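Heads up, the thing below is written out as structure tokens.
The structure displayed is predicted, hence computed values, not measured ones.
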Protein chains: 2
Amino acid sequence: MNKSKLQQELKQNHPFDSAATEAVISIHRTADRIRARLNALLRSFQLTTQQYNVLRILRGAGETGLPTLEIRQRMIESNPGITRLLDRLVTKGLVHRQRCPTDRRQVLCWATPEALELLARLDQPVVEINRQMMAVLDEDQQQQLIQLLDLVRSTVGTV
Amino acid sequence: MNKSKLQQELKQNHPFDSAATEAVISIHRTADRIRARLNALLRSFQLTTQQYNVLRILRGAGETGLPTLEIRQRMIESNPGITRLLDRLVTKGLVHRQRCPTDRRQVLCWATPEALELLARLDQPVVEINRQMMAVLDEDQQQQLIQLLDLVRSTVGTV
DNA sequence: GATCAATAGTTGACTAATCAAGTATTGAAT
DNA sequence: ATTCAATACTTGATTAGTCAACTATTGATC
């Protein structure tokens with residue numbers, strides 16, 4: 001009886017009940033390993049993956065800035081604690097906040113020049129890590145993976 | 001210019017620098033959505049995904065139990081706070097702990113009968129959720145996804 | 001049998017995430 | 001003009017995660 005690779009990794013003796021379950025666990029496990037790798041890099045810059053994600057979103061938004069909850073929506077991983085995450089980035093001098101003049105409910109956020117500098121130093125290493133981690137897959141396989149995951153996400157929300 | 005689905009989800013205006021980067025972000029985003037779905041179910045049982053994962057591992061280990069750090073190794077997502085995670089499960093009456101008689105450094109852990117009952121009630125719903133979330137993919141595509149992720153994990157550790 | 005590195009886990013201090021309940025502002029409908 | 005629901009956060013209380021330093025035990029070497 002051949003054990004799947006994932007089964008071996010988790011030292012499980014029972015096979016998965018279905019390919020669906022194995023796929024789900026596989027996605028989690030892979031995401032965790034990838035996150036750990038990025039974390040190792042960001043750690044030397046005193047950033048968490050969430051903080052890094054926010055800064056990249058703000059860089060993308062440019063001069064106009066973004067309201068708090070819009071940032072939350074654009075984040076890769078959902079984050080109910082966005083206000084305090086931004087608090088910490090403000091404390092670090094990486095984010096600037098100001099109440100929106102036209103809609104005073106909103107608080108607009110921008111990446112500071114310091115943040116942009118930090119991001120610039122991270123760009124190449126991050127691209128390189130991603131490239132290395134995906135280097136086992138050829139271009140076709142990478143596209144396949146992206147498409148399969150697109151499909152999965154298209155239904156998860158509706159289930 | 002066609003934006004990728006992921007780009008649309010994240011409301012990004014710039015294309016990804018490479019398929020590798022899109023694949024990496026895609027994995028994170030998908031894992032997050034799937035975790036949210038499982039969370040919604042576990043929440044009504046007052047369990048976190050990590051706690052649920054530990055209980056399943058202990059159920060799999062059966063009568064012989066498992067030492068603390070062995071549990072950590074088998075977890076889907078790495079967890080440095082395993083001791084306190086177990087503390088909470090002990091408080092809830094779901095885990096029983098005892099120092100190992102043959103190697104007094106180790107602490108063996110077991111799922112309690114209450115935990116086994118709880119897990120039994122969760123089995124069907126969890127299988128069903130996984131099935132539903134992966135139902136957009138046919139059996140071949142599910143196997144493809146599993147294999148692609150296997151490949152990715154096989155290198156991530158070595159990068 | 002004494003020393004010493006390795007293993008297994010715990011603890012303390014700190015940071016971060018979660019949830020529910022709250023405030024301020026806006027826009028729409030009387 | 002006034003009420004009322006909706007939006008956009010913010011706050012407090014609680015729980016969980018992280019990191020480094022520590023204790024206890026074991027196994028190996030001299």
Query raised in the report: Taking for each residue the nucleotide of DNA chain D bearing the nearest heavy atom, is the 5' side occupied by Cys100(B) or by Lys92(B)?
Result: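 Looking at the nearest nucleotide for each, Lys92(B) comes out on the 5' side.
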
Among the candidates [options], find the nucleotide nearest to the side-chain atoms of [X].
| X | options | value |
| --- | --- | --- |
| Arg104(A) | dT26(C), dA8(D), dA17(C) | dT26(C) |
| Pro80(A) | dT25(D), dT18(C), dG17(D) | dT18(C) |
| Asn79(A) | dT26(C), dG9(C), dA17(C) | dA17(C) |
| Arg84(A) | dT18(C), dT26(C), dT10(C) | dT18(C) |

Query raised in the report: Can a donor-acceptor pair be found between the side chains of Gln143(A) and Gln147(A) at a distance below 3.5 Å?
Result: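 No, because no side-chain N or O of Gln143(A) sits under 3.5 Å from a partner of the opposite role on Gln147(A).
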
Query raised in the report: Is there a donor-acceptor contact under 3.5 Å linking the side chains of Arg43(B) and Thr48(B)?
Result: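 Per modelled atom types, Arg43(B) and Thr48(B) side chains form no pair under 3.5 Å.
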
To the nearest Å, give me how far apart [atom1] ([X]) and [atom2] ([N]) are.
| X | N | atom1 | atom2 | answer |
| --- | --- | --- | --- | --- |
| Leu69(B) | dA24(D) | CG | P | 17 Å |
| Leu86(A) | dC9(D) | CG | P | 10 Å |
| Leu108(A) | dT10(D) | CG | P | 11 Å |
| Asn39(B) | dA17(C) | CG | P | 14 Å |
| Asp32(A) | dG17(D) | CG | P | 12 Å |
| Leu85(B) | dA16(D) | CG | C1' | 8 Å |
| Arg105(B) | dC22(D) | CZ | C1' | 16 Å |
| Gln50(B) | dA17(C) | CD | P | 14 Å |

Report task. Assign Arg72(B) to base, sugar-phosphate, or nothing according to its heavy-atom contacts below 4.0 angstrom with the strands shown. Result ->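 No contact at all - Arg72(B) keeps every heavy atom at 4.0 Å or more from the nucleic acid.
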
For a quick test of reading the model: is some side-chain N or O of [X] closer than 4.0 Å to OP1 or OP2 of [N]?
| X | N | answer |
| --- | --- | --- |
| Thr83(A) | dC9(D) | no |
| Gln51(B) | dA16(D) | yes |
| Thr68(A) | dC9(D) | yes |
| Arg88(A) | dA16(C) | yes |

Query - Working for salt bridge (charged side-chain N to carboxylate O under 4.0 Å, His left out), residues Arg35(B) and Asp32(A) - result: CA-CA 12 Å; Arg35(B) 180 170 33 246; Asp32(A) 182 62; over 6 Å; no

Query - Of Asp103(A) and Arg43(B), the one whose closest DNA chain C nucleotide lies more 5' - result: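 By nearest-heavy-atom nucleotide position, the 5'-most residue is Arg43(B).
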
Query raised in the report: Under 4.0 Å between a Lys/Arg side-chain N and an Asp/Glu carboxylate O for Arg121(A) and Glu117(A)?
Result: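 Salt bridge absent between Arg121(A) and Glu117(A).
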
Query raised in the report: Is any side-chain N of the basic residue among Arg97(B) and Asp87(B) closer than 4.0 Å to the acidic one's carboxylate O?
Result: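 Yes, this pair counts.
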
